[in-house]
A.B. asks: 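Take a look at this one; I'll ask things after.
Order of listing sets the numbers, starting from 1, for every ligand and every atom in it. None of the values given here were measured: they were computed from a predicted structure. Position 1 is the first residue of the sequence; numbering continues from there.
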Amino acid sequence: MAGLPDIYGASSAQTPNYARFGVEFVRGEGSRLYDGDGNEFLDLLCGIGVNSVGHCHTAVVEAVRMQTGTLMHASNLFWTRPAEDLARRLTELSFGDRVFFCNSGAEANEAAIKLARAHATAAGRPGRNVVVLEHAFHGRTMGALSATPQEAKQAPFAPLVHGFRTAPRDDAAALAAMIDDQTCAVLLEPVQGETGVHAIPDDVLLAARDGCDAVGALLIFDEVQCGLGRTGSLFAYEQTPVTPDVMTLAKALGGGLPIGAMVAAEHCSAALQPGFHGSTFGGNPVACAAACAALGIITDDATTANAARVSALLRELLAPLGRCDGRGMMIGLRPPGEFDAPGAVERLLFDHRVIANATGPHTLRLLPPLLLTEDDAREAAAAISEVVTSS
Ligand SMILES: *Cc1c(COP(=O)(O)O)cnc(C)c1O
């Protein structure tokens with residue numbers, strides 16, 4: 001709009017619910033973003049884990065162009081091919097047998113929570129409660145927020161949805177004790193991403209699996225952030241000793257377009273009877289065509305090999321700076337002492353034109369593109385090293 005300053009600040013016409021940096025991006029290509037003055041930024045955050053195949057990957061752009069010129073929307077009253085192709089691909093690649101499409105991570109988790117309660121109802125079980133883990137993040141809608149036991153995020157919006165119970169995240173016995181005949185699901189991120197980066201220990205995952213099996217509850221993995229190649233396997237559950245009944249996906253799935261998915265095993269998916277759930281835009285042909293293209297790149301051997309090599313290099317370069325949590329290209333760097341992560345993020349952005357973010361007050365989070373080059377990794381590590389050692 002003419003007359004507005006470059007950076008809108010308090011004069012923005014948007015609600016003030018985001019603390020934004022004073023940068024406006026106009027273009028992206030691969031691992032780089034550009035502002036209106038042509039300044040180039042190295043993107044180690046990928047739009048918070050979304051642009052895993054890099055910005056404007058030609059295969060995704062081409063798929064979107066083709067689909068946009070053919071059919072953009074028809075509704076879920078009818079079949080469309082891109083949604084069916086994507087669902088088939090996701091079931092071939094995972095434990096899942098059926099897929100529900102929606103538009104975001106929160107919506108995918110809403111679907112999973114509803115499936116768990118419908119599944120208990122169908123089985124004639126009293127279970128209504130969903131057990132979640134401390135420090136979890138499952139989204140901002142009322143159901144997903146109720147599954148997100150963070151006081152600051154929940155408190156202003158009480159009353160929340162009933163029936164969520166919080167277990168400590170690293171205590172298998174405490175989790176086991178919390179799963180009973182009132183439980184319809186355990187919902188967890190195998191690698192937590194929003195309060196530090198933290199892989200849930202195997203014994204806790206085994207306790208969740210055993211507890212769910214014992215009472216007939218569903219084990220739901222939220223792989224919205226840690227799925228789709230982010231942690232070094234296509235899905236994070238593949239690196240754990242358990243397989244969930246349900247998995248939620250979003251973020252990287254659409255290669256930059258908004259799409260979410262709930263992937264479910266056959267034995268529970270039928271609980272979602274006709275009319276039980278839905279989404280106007282869910283399974284949108286353009287989003288699904290983009291996702292098919294993105295999935296093709298993510299599952300390409302060259303991508304997997306690059307992500308393994310470059311994430312190892314990045315971790316090696318960052319190791320002298322502090323503790324490196326997480327797996328693969330999902331990295332939490334926790335330097336010693338009272339490291340000021342938000343301050344470091346600002347200095348990386350404005351002094352080095354490197355994009356990262358803070359997850360928690362002392363942890364720097366990196367979610368780089370899976371196709372990051374070794375030179376990119378060296379450039380990133382040099383900037384981070386300077387910021388960490390001088391703060
Ligand atoms: C981002 C995220 C969500 C929420 O996804 P939205 O698309 O923002 O609704 C849920 N769970 C996890 C683990 C996430 O990282």
Side-chain angles (χ1 to χ4, degrees), residues 15 17-20 45-52 100-116 130-150 153-154 157 160-161 164 166 169 185-200 205 208 219-231 235-237 240 244 246-263 279 281-284 287 290-291 294 325-332 356-360 363 365-368:
T15 54
N17 54 306
Y18 299 108
R20 299 183 206 266
L45 189 61
C46 282
I48 319 185
V50 168
N51 302 99
S52 284
F100 168 79
F101 289 119
C102 51
N103 313 288
S104 68
E107 280 180 68
N109 287 328
E110 295 286 345
I113 293 163
K114 285 182 73 175
L115 172 64
V130 177
V131 176
V132 298
L133 298 187
E134 229 170 9
H135 306 296
F137 179 83
H138 296 296
R140 305 287 197 154
T141 54
M142 287 307 283
L145 178 65
S146 304
T148 297
Q150 298 181 35
K153 291 191 170 72
Q154 290 184 337
F157 309 104
L160 299 172
V161 178
F164 291 86
T166 307
R169 72 177 175 186
V186 174
L187 167 62
L188 61 86
E189 304 145 87
V191 185
Q192 292 184 334
E194 294 295 325
T195 42
V197 176
H198 180 77
I200 302 301
L205 299 176
L219 180 58
I220 305 168
F221 276 12
D222 177 343
E223 296 218 14
V224 168
Q225 186 169 148
C226 62
L228 296 165
R230 179 54 53 199
T231 61
F235 301 111
Y237 78 83
T240 77
V246 180
M247 164 175 76
T248 56
L249 302 172
K251 289 200 163 94
L253 182 57
L257 287 196
I259 180 170
M262 178 194 67
V263 179
S279 162
F281 283 115
N284 172 270
D325 294 322
R327 296 201 170 109
M329 285 290 203
M330 184 169 176
I331 301 174
N357 94 324
T359 172
T363 307
R365 177 176 53 172
L366 311 179
L367 301 168

A.B. asks: If you apply the rule side chain to side chain contact (heavy atoms under 4.5 Å, CB included), what do you find for Phe221 with Thr240, and how did you get there?
C.D. replies: CA-CA 11 Å; Phe221 276 12; Thr240 77; 4.3 Å; yes
A.B. asks: Could you grab the distance from atom CZ of Arg169 to atom CD of Glu189, nearest 0.5 Å is fine?
C.D. replies: 9.5 Å
A.B. asks: Just which atoms of ligand 1 are under 4.0 Å from any heavy atom in His138?
C.D. replies: 10 (C), 11 (N)
A.B. asks: Under 4.0 Å, heavy-atom basis, I'd like to know which part of Ser104 is in contact with ligand 1: side chain, backbone, both or neither.
C.D. replies: both
A.B. asks: May I ask you to list the atoms of ligand 1 that are less than 4.0 angstrom from any heavy atom of Ala106?
C.D. replies: 4 (C), 5 (O), 6 (P), 9 (O)
A.B. asks: What's the spacing between Cys46 SG and Lys251 NZ if we round to 0.5 Å?
C.D. replies: 12.0 Å
A.B. asks: Does a donor on one side chain sit under 3.5 Å from an acceptor on the other, for Glu194 and Thr359?
C.D. replies: no
A.B. asks: Show the atoms of ligand 1 that are less than 4.0 angstrom away from any heavy atom in Asn109.
C.D. replies: 10 (C), 11 (N)
A.B. asks: Can you see whether Arg230 engages Gln225 through a side-chain donor-acceptor pair at a distance of less than 3.5 angstrom?
C.D. replies: no
A.B. asks: Mark whether atom 7 (O) of ligand 1 lies under 4.0 angstrom from at least one protein heavy atom.
C.D. replies: yes
A.B. asks: Crowded around Arg140 CZ? As in, over 12 foreign heavy atoms under 6.0 Å?
C.D. replies: no
A.B. asks: Taking only heavy atoms of Gln225 into account, list the atoms of ligand 1 that are under 4.0 Å away from them.
C.D. replies: 15 (O)
A.B. asks: Should you measure from each heavy atom of Asp222, which atoms of ligand 1 turn up under 4.0 Å away?
C.D. replies: 10 (C), 11 (N), 12 (C), 13 (C)
A.B. asks: Answer yes or no: does an N/O atom from Gly105 fall short of 3.5 Å to an N/O atom of ligand 1?
C.D. replies: yes
A.B. asks: May I ask you to identify, for Glu189, whether its side chain, its backbone, both or neither come under 4.0 Å of ligand 1 on a heavy-atom basis?
C.D. replies: side chain
A.B. asks: Purely on distance, is any nitrogen or oxygen of Phe137 under 3.5 Å from one on ligand 1?
C.D. replies: yes
A.B. asks: Which of the atoms in ligand 1, numbered in the order shown and given with their element, are less than 4.0 Å from a heavy-atom of Lys251?
C.D. replies: 1 (C), 2 (C), 3 (C), 14 (C), 15 (O)
A.B. asks: State whether the shortest distance between N or O atoms of Ala250 and N or O atoms of ligand 1 falls below 3.5 angstrom.
C.D. replies: no
A.B. asks: In Å, rounded to the nearest 0.5 Å, how long is the span from OG1 of Thr148 to CG of Leu133?
C.D. replies: 11.5 Å
A.B. asks: Taking non-hydrogen atoms only, is Thr141 closer than 4.0 angstrom to ligand 1 via side chain, backbone, both or neither?
C.D. replies: neither
